[in-house]
Structures are given as C-alpha cells and as structure tokens.
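First comes the structure, then the notes that go with it.
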Amino acid sequence: MPYNLMHLLPEIFLLTAGCVILLVDVFSKDLDRNLTYRLTQLALLATAIICMVQFPSVQYHLYERHFILDPMAGIIKISVIFLAMLALLFARPYILPRRILRGEYYLLHLFAVLGMMVLVSGGSLLTLYLGLELLSLSLYALVAMQRHSYRAAEAAVKYFVMGAIASGFLLYGMSLVYGVTQHIHLTDIANYIATNDASLTLRFGLVFIVVAIGFKFGAVPFQMWVPDVYDGAPTSTTAFLSSAPKVAAFGFMVRIFAYGFIGALVDWQGLLIILACLSMLIGNIVALVQNNLKRLLAYSAIAHMGYFLLGALTGTSEGFAASFFYILAYSIMSLGGFGCLIYLGKGVEDVKNLDQLKGLGRSNPWGGLLISVLFLSMAGLPPFIGFWAKLEVFLAVLNAGFVWLAVFAAVMSIIGLFYYLKVVKVIFFDESEKEEKIVAVRGLRLGLGITSLSVVALGLFPGKLMQLCAQAFEYL
Amino acid sequence: MTVESIVFYVFATLTVVGALGVISMKNAVQAVLCLVLTFFSAAALWMLLEAEFLAVTLVLVYVGAVMVLFLFVVMMLDVDYASLRAGFSKYLPLGVITALALFGAIYWVIRSQVLGEIPEPAKNSADYSNVTVLGRLLYTDYFYAFEIAGVILLVAIIAAISLTFRGRRERRGQSVPLQHQTMREERLKIVSMESGRRQDAHLKPKKTSSKKEAPKDGVAKKSSSKKEPSKNKQDEAEKSEGKGS
C-alpha cells in the first residue's frame, strides 16, 4: 500500500540537504569552509520553514504508527532547529582559530538535528531507539572533533562508553517490555497496561528505561559524564550538547512516559522523584566549590535537570507543559551561557577560571551585562525567563500534592543562588588583574545578543510560549 | 531428550564457554577468537529458532566484518595487557558479587513471572522462509526504521573518516619517464664569465690549463640529472669561480 510521504518532508529534506552538502564540502577548495557553513544554516532554516508550514493541528499516527505527528513534536522540531542554528552561529568563530575546521563539523550538527526530529516523532520503541542512536552518534563525533587535544579525546571516550552502556540498558529494558507486552508500538503498550496489571517483569524493564533516560539527561546518579564531557569538549560542542539534545530527550521522555507507560505512573514516579531530589542536591552543592567555569555550568546543568524532572514526575499534562517550558527556557540560557564563554575566549585560549572574569564589567560593560543577564536568569530571578520556568514547575508539583518536594526544591534553589551571584559579583565588583579588551566577531555578538534578548523578552512576556507548551499536551 | 534439545544445550554451553573465555583469556587474540566462537554458537541457536536469515547475517556481518576488524586492531596495536590487567584480581570479588546480584535479580524476576506460563512458539510450516517474511516486512511496514538505520550507518562513516583522516601524505617521488624526457636546455645553462685569480693559488702549485678543461665536461654531465635550475646555476657559478684563476 503506498504511503503518503508528504508528512516526512522535513526529515527527507534535511537528509537530502545533508548528503548534498557533504558532497559540496568534499569538492570545496575553501579552507575556511564558508560555503558549507552557509549551506548548513540555509538547510536548517528551510527545514524549520517546512516544519512551520506543515505544523499539525491534530495528532497523526502514521506509517504503521511508527511516526507520530502532533503539535508537541512540531514545536520541539522547530525549537531544536533554531537552537542548532544558534549553536552553529557560536561555533563558527570558535573553531576557526583552533583548526578544528572541517566541514563535517557543520554536517554532524545537521545529522544530530535529524536524529532529534526522528526521536521526537517516534511512535514505537524501535523508532525511538533509532532516533536516539542517530543523535548520540553525531554527538560522540562532535565531542571528539578536536582530536589534537587530550582533554577532548578523553571527554569523547568517556561520553561514548557511558552513552553506549546507557543505550545497552535502554535496549535491554525495551526487550523486556516487548517480551511482556508483545508490542512495540507505544499505544499498544498503553492498551496492554490499561487492560492487564503491570507485572514485575514489566516494571523491571521500565527501571532500565528510566536509567537510560536519567543518563541522557545527566541526572544523578548517572551524572558522572556531565562535568568531564562539558569541560573537555570544545566549548561550541558543549553549547550545542547542553541545549538541543536535552529538548529532544524531553520529547523522548514524554513519548515513553506519557504515551506508553502512563498507566504505570506509580512505578516511574517514585524513580523520578529520587532522580530529581538527588540531582538538585548534588548539582547545587558541588557547584558551590567550582572554580572552573565550564564545570560550574555543568553542575548547574545537573541541578537544572533536577528542577526539570519535577514537572515531569507529576504525570499530569500541566506538569508536562511546565517541564516543556522549563527545558526550552533552560536550553536558551545554557546556549547563551556557553556562548558567553566562547565570546570571552581570546585567540586559542579558553576562558577557564572564574578569576579570568574579574573586572569584566569595567572593560567590556555590554558583554558583562549579557553574561549577568544569563546567569541571573539561570538563578531563577525575575524578570527573566528562568523565574517563570521555576515558578511553573513548582506550581505543578504543588498542585500534584508533593508539598515537601516543592519546599526541598525551593531550598536547593536558594543554595544555588550563591554561585550564580558569585559570577555576577566577580564580573562587576572585582578589580581586573590585567587590562585586555575583548574583540569579538559579529556572529558571536549577534548570537549572544539573540540569546540574551530572548531571555529578557520571554521573561517579560512569557505568556505566548507557555500557551504553546500547554497546547502541546492537549492529547494526553 | 529430543535431538533438538541436545543441539540446543550443546550450542548454549559453547556460547557461555566462549563468553567466559573472552573475559578471562590473557592473550588478546585468543580472547577475540573466543568471541568468534560465541557468535558462531549464537548463530546456531538462532538457526534453531527458524531465523536462518538472521543466523547467516550474524556470521557474515559480525564474524566476517566486525571480528576481523577486531583482530586487525588487536594484532596491530602493541598493547601492554599485563599492566592493564594489574588491578584485575583486586576487584575480582567485588565484580563477582555484583554480577551474581544482577544475575540473581534478573533470574528471579523472569523465573517467577514468565517461564512456565508461556508455551513454546509454534513451529512454522515447511515452506516458511525467514528471508521472504523479513524482506516483505522490512520494505513495507518498517521502511521508516530501515531508512533511519541506513542514515545511522552514514553518520558512522562520516564520524570515523572525519576523526581519523589526515589528508594525503605529500611524498616526493621520482618519475623516471619524466626524467628521461628532459632536454639539455632545461638543465644546463652555459655562462661565460671572466676568470680571475684562484682563491687558493697561494696554497697549491700551479697546474696546467688542459687538466682543468676535462673536469668541466664532467661537471656539465653531472648537472643534467634532476636538479633545480637555481642550484644548477649556483653549481655552475661555483665551479667557474673556482676555475678562474
């Protein structure tokens, strides 16, 4: 029976564009790879336009229910594409002086975006796993791209080995679930759980799947790869790694928990509570003593994943919408945060320590202001978007009845305030040790401006985005 | 005890023995060969389950391609396995306890729930063909998953090449036919110069001029081999300078 492939048009276009750009890159004689970069941005923009034109108003289950097309998938795809475009904007001035300049660097972003799009639309365990693997494989290569650096190679090996183990756990859990339910499609699994009791084997398989999801987010106790990979990888890769794949992993989590295993809520809710509490605790407390900026942002990422899981663990559509808003806000802030680090780096030297930020407010007030906006937003202070994100998540948890969890999260959030404010203080209230002016390329300033502006603008007018997130979960 | 169960037990034992051999062998090449034994036995088990296409594919792809690559790497890299395994016996008790705990948990779960309730899968008819069924499904119902799997392979190729390719090594080679085709005019330039006093005339006794003529021809013949023109001129100038006395 012939299938209508029009619904797959964004993915088909992106794949074709990727292959064409690969060939163009091979025969291009430009050492700066300008053509590859521009074609990649153009391909991403065109895919985003196709996604917007084909934005679905109802939920479709297509191609033997392997492919789900619904508003949530549409929003995640568009946001992932824009995050990738921003990340490429930051990446270009970073990789030029460091001689990581190969066209494949841009191409792997394209394939990672394709993996994310497949992951978010997955309707069966098979397509979910395939999308996740496509995304992960591109990310492993991106982390390892700076092959002359020992730290990048170490980070890549750690990320690859732990990612492979997590994928192994995921497959084992999926095989157990298949063995019990004899279905791989998410709606069939949901029907099975609704009509039969969740047996012990099914719950056992679910635990393995939760472990894999916890790894992908970097939630405690699976967070060991996060500081080393964030620190060792080239900063532009870290910026991409900490933003777009997390949004896609959220889509993956929603598909598994909200569409497949919603009947087994009591089973995975307890697990997610433990993950969230431990992440907030460990992430905030260890970040207090960090001097290295990238590790500080890595541990703050772990803490943010704790807050983010709070919304998801309620299992209500309000909770999922709050988590969705949180992960979108966090990805913009994180991209901007690592973009700041790229902006501050001079030549081939990375900005590593907190001390190097001293006196930034005086020598470069505009840059200092942007960085402070991003860090204050991550701390959850109004009027930035981070405040609304935390508020929504806390409200969802309170409405679900977990008062102690909300109190615990608020206390952890106050503890976390310290290291963000420490950075702002160092920027504005400390004397600089050396007088150096930062000169940044236009692309970096544009990218940094976009992220900071969106943080402020969405913080002042969060309504539209929140409404969009709520709309995505009408079909739950 | 049917023939089928005997075959099953034999190959299942071989699989377990091979897997244990992989992790316990000291010699790396022997460990890889144990892994090959494991894969062969697993292929035989799949054959028992009437998945003959998958069994053959396992042997062809896993053993034929992946294990051969493993062997290449193991044989080419001179890894000091003795030092890598130094901490093995220290962590052995902890590893054994963890493995037994995990195995016990999985066994308890599966044994208590699944085994004993699910009957054996029914045998297919004689004209059942695993290849036909797989082919029919893979290109119609599961085409989306199939295409994505292809893209994953493409990304693996891109990643491997972009991480390891170091460009064509620039080597200076000789092209003998090109050398034979050279002409005297491209190699030699005869310059007429004034001769002056020899630099070491105060050291050596004066020689007759006829002896100095012959070496000049020898020098000219030597310079017809592959040399850059500037070097030629330098040689020529050097010789004629030394000659002028």
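Residue numbers start from 1 in every chain, and the chains themselves are labelled A, B, ... in the order their sequence lines are given, proteins ahead of strands.
Side chain of Glu154(A) to main chain of Gly232(A): no donor-acceptor pair is present (N/O by atom type, distance under 3.5 Å, no hydrogens or angles). Side chain of Arg147(A) to backbone of Ala153(A): no donor-acceptor contact under 3.5 angstrom is found.
Taking Val155(B), Ile161(B), Thr164(B) one by one and counting their heavy-atom pairs under 4.5 Å with chain A, the maximum is reached by Val155(B). Ranked by non-hydrogen atom pairs under 4.5 Å with chain B, the options Leu126(A), Leu137(A), Leu108(A), Thr127(A) are led by Leu137(A). For the options Tyr140(A), Tyr105(A), Tyr129(A), Phe67(A), heavy-atom pairs under 4.5 Å to chain B are most numerous at Phe67(A).
Rounding to the nearest 0.5 Å places CG of Leu39(A) at 11.0 Å from CG of Leu44(A).
Taking the six-membered ring where tryptophan is involved, the planes of Phe39(B) and Tyr62(B) are essentially parallel, since the angle between them stays under 30° and well short of 60°.
Looking at every heavy atom in both residues, Val22(B) comes nearest to Leu35(B) through CG2-N, 3.4 Å.
In this structure, chain A has a heavy atom under 4.5 Å from the side chain of Leu154(B), while its backbone stays farther away. For Leu107(A), no part lies under 4.5 angstrom from a heavy atom of chain B. Heavy atoms of Tyr63(A) lying under 4.5 Å from chain B belong to its backbone as well as its side chain. For Leu22(A), the part sitting under 4.5 Å from any heavy atom of chain B is the side chain, from C-beta outward, and nothing else. Proximity to chain B (any heavy atom under 4.5 Å) is restricted, for Leu15(A), to the side chain, taken from C-beta onward.
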* **Lys77(A) vs Ser121(A), side chain to side chain donor-acceptor pair (under 3.5 Å): CA-CA, chis, key distance, verdict** => CA-CA 9 Å; Lys77(A) 283 182 197 179; Ser121(A) 285; 3.0 Å; yes
